[in-house]
Amino acid sequence: MENQYFTSDGLQVKNRAFLFGDAVRASFFIRDSKLIMDEECYFFLMASMRKMRLNIPLTYTLEYFQSLFNTEVIESKGIENGIINFLVFRNSDGLTLSKSSVSYFYEVDEMDDVLAVHSRLLELDLIKEINVNNNLLSNIRVHCPENIYGSIYAQENDLDDVILLNPNKRIARSTFGNLLFLEGDVIKIPKQSEGAYISPLLENFVTFLHKNNLADIQEHEIIAFESQKAEEILLVSDEKGIFSVGKIRNKTFGNSRFSELVEDWKKSF
């Protein structure tokens with residue numbers, strides 16, 4: 001099914017999202033015709049807007065977004081399962097940028113189950129000619145030319161995605177999500193200070209694993225070589241969903257343990 005698109009008002013070509021990438025993105029999740037993790041997603045959106053100094057309308061409450069998505073997406077369009085990728089951008093109508101109003105655009109990617117691991121195993125590789133920063137804005141979803149470059153590199157080399165490193169040559173993330181590395185009962189995750197995304201989806205998953213003692217969750221500074229030592233690798237993307245990594249260069253990975261952990265997590269909703 002084609003994605004469904006929604007806007008707060010008529011989109012103009014001359015807007016700051018189009019011209020300057022002056023926008024932030026956050027994802028919301030629909031499962032079985034209900035919003036899940038809506039509070040976590042809402043607070044992530046608000047925090048992202050503050051970091052980008054966007055003017056937050058008084059109407060932007062949790063209840064506003066719950067009503068918006070329930071009315072426009074679930075009830076009107078009949079979407080039962082999917083990811084809402086919400087983009088809010090600054091208009092050019094204020095005396096200063098911080099006083100400018102904001103508008104939004106969002107699309108809904110419909111899928112069978114937003115919490116299911118996609119069936120197709122991904123093939124990744126490391127890319128070394130570019131890196132991503134590890135500052136305040138690196139953890140939120142803002143315009144990132146490195147993601148565009150990495151996506152094109154992946155397409156040209158018959159890959160599904162690439163692993164991006166930070167300036168210290170350590171693993172940050174992929175172009176569209178975060179990486180989890182399983183070794184025995186330990187799951188290693190790159191720290192946010194390394195350039196990893198803040199992800200409500202990932203945080204909910206690892207919190208569930210930690211509370212139920214299903215794995216030892218460790219945030220690490222991970223050098224590129226360590227990707228080859230993992231037994232399994234999971235890619236969690238707020239924008240696209242959850243994927244198993246099957247191959248990096250000549251190394252192949254299993255996916256049975258992560259699949260079991262995700263199945264246990266799904267039952268908690």
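We count residues from 1, following the sequence as given. Every value quoted in this text rests on a predicted model; they were computed, and no experiment measured them.
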Listed partners of [X] passing side-chain hydrogen bond (donor to acceptor under 3.5 Å, both in side chains), at least two apart:
X	value
Glu231	none
Glu221	none
Glu226	Lys188

[X] and side-chain contact (heavy atoms from CB on, under 4.5 Å): which partner among [options]?
X	options	value
Phe205	Thr207, Leu201, Leu209	Leu209
Ser244	Leu235, Leu234, Val262	Leu234
Leu124	Thr175, Leu179, Val162	Leu179

**OP:** Please report the C-alpha distance between Ile233 and Asn255 in whole Å, then the side-chain angles of each, then the deciding distance to 0.1 Å, and finally whether the side chain to side chain contact (heavy atoms under 4.5 Å, CB included) criterion is met.
**Re:** CA-CA 7 Å; Ile233 301 176; Asn255 68 334; over 6 Å; no
With sequence neighbours excluded, what pairs up with [X] under the salt bridge (Lys or Arg N to Asp or Glu O under 4.0 Å) test?
X	result
Asp38	none
Arg173	none
Asp112	none
Lys251	none

**OP:** Begin with the C-alpha distance, continue with both residues' side-chain angles, and end with the deciding distance and a verdict on side chain to side chain contact (heavy atoms under 4.5 Å, CB included) for Glu263 and Glu260.
**Re:** CA-CA 5 Å; Glu263 284 297 317; Glu260 291 174 3; 5.7 Å; no
Look at the side chain of [X] and the backbone N and O of [Y], then say whether any donor-acceptor pair between them is shorter than 3.5 Å.
X	Y	answer
Asn178	Tyr197	yes
Thr71	Ser67	yes
Ser237	Gly177	no
Arg90	Arg53	yes
Asn139	Ala196	yes
Arg16	Ser92	no
Tyr60	Met46	no

Original post:
Within a reach of under 6.0 Å around NZ of Lys128, are more than 12 heavy atoms found that belong to other residues, nucleotides or ligands?
Top reply: no
Subject >> Flag if over 12 foreign heavy atoms under 6.0 Å of CG, Asp185 >> reply: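 Counting other residues, nucleotides and ligands, CG of Asp185 stays at 12 neighbours or fewer.
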Original post:
When you look at Met111 and Ile83, which way does the side chain to side chain contact (heavy atoms under 4.5 Å, CB included) test go after all the steps?
Top reply: CA-CA 8 Å; Met111 55 186 64; Ile83 297 176; 3.8 Å; yes
Which residues share a ring-ring contact (aromatic ring centres under 6.0 Å, His included) with [X], sequence neighbours left out:
X	answer
Phe18	none
Phe20	none
His118	Phe243

Without hydrogens or angle criteria, can the side chains of [X] and [Y] be said to hold a donor-acceptor pair below 3.5 Å?
X	Y	result
Asn91	Ser100	no
Glu40	Asn204	yes
Trp265	Asn212	no
Asn134	Ser193	no
Asn166	Glu194	yes
Asn135	Ser138	yes

Indicate if [X] and [Y] have the same hydrophobic cluster label, given that clusters are the connected sets of ILVMFWY residues with side-chain heavy-atom separations under 4.5 angstrom.
X	Y	value
Phe258	Phe269	yes
Ile130	Leu159	yes
Phe29	Phe208	yes
Val236	Leu164	no
Phe176	Phe181	yes

Can you give me the closest heavy-atom contact between [X] and [Y], atom names plus distance?
X	Y	answer
Ala23	Leu87	CB-CD1, 3.7 Å
Ile171	Ser227	CD1-CB, 4.1 Å
Ala172	Val132	CB-CG2, 3.6 Å
Gly150	Ile127	CA-CD1, 4.5 Å
Pro200	Ile198	CD-O, 4.1 Å
Val102	Met49	CG2-CE, 4.5 Å

**OP:** Each residue besides Ile223 in its hydrophobic cluster should be listed here, by chain and number; the cluster joins Ile, Leu, Val, Met, Phe, Trp and Tyr at side-chain heavy-atom distances under 4.5 Å.
**Re:**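 For the cluster that includes Ile223, the remaining residues are Phe225.
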Should the pair [X] and [Y] be assigned to parallel (<30°), tilted (30 to 60°) or perpendicular (>60°) ring geometry?
X	Y	answer
Tyr106	Tyr104	tilted
Phe69	Phe86	perpendicular
Phe28	Phe65	parallel

Does [X] pair with [Y] as a salt bridge, N-O distance under 4.0 Å?
X	Y	result
Asp160	Arg120	yes
Glu239	Arg25	yes
Asp113	Lys266	yes

**OP:** Evaluate the side chain to side chain contact (heavy atoms under 4.5 Å, CB included) criterion for residues Asn81 and Ile30: first the C-alpha distance (whole Å), next the side-chain angles of each, then the deciding distance (0.1 Å), finally the verdict.
**Re:** CA-CA 5 Å; Asn81 295 279; Ile30 301 171; 5.7 Å; no
**OP:** Please step through salt bridge (charged side-chain N to carboxylate O under 4.0 Å, His left out) for the pair Arg249 and Asp125, ending with a clear verdict.
**Re:** CA-CA 6 Å; Arg249 296 186 178 174; Asp125 199 356; 2.6 Å; yes
Subject >> Within-4.5 Å side-chain heavy-atom neighbours: Ile189 and Gln218 >> reply: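 The answer is no, as the side chains (C-beta and beyond) never meet within the 4.5 Å cut-off.
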**OP:** Please collect all ring pair (Phe, Tyr, Trp, His ring centres under 6.0 Å) contacts where either partner lies in residues 126-160, sequence neighbours excluded, each pair once.
**Re:**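 Every candidate ring pair (Phe, Tyr, Trp, His ring centres under 6.0 Å) pair involving residues 126-160 fails, so no pair, neighbours aside, qualifies.
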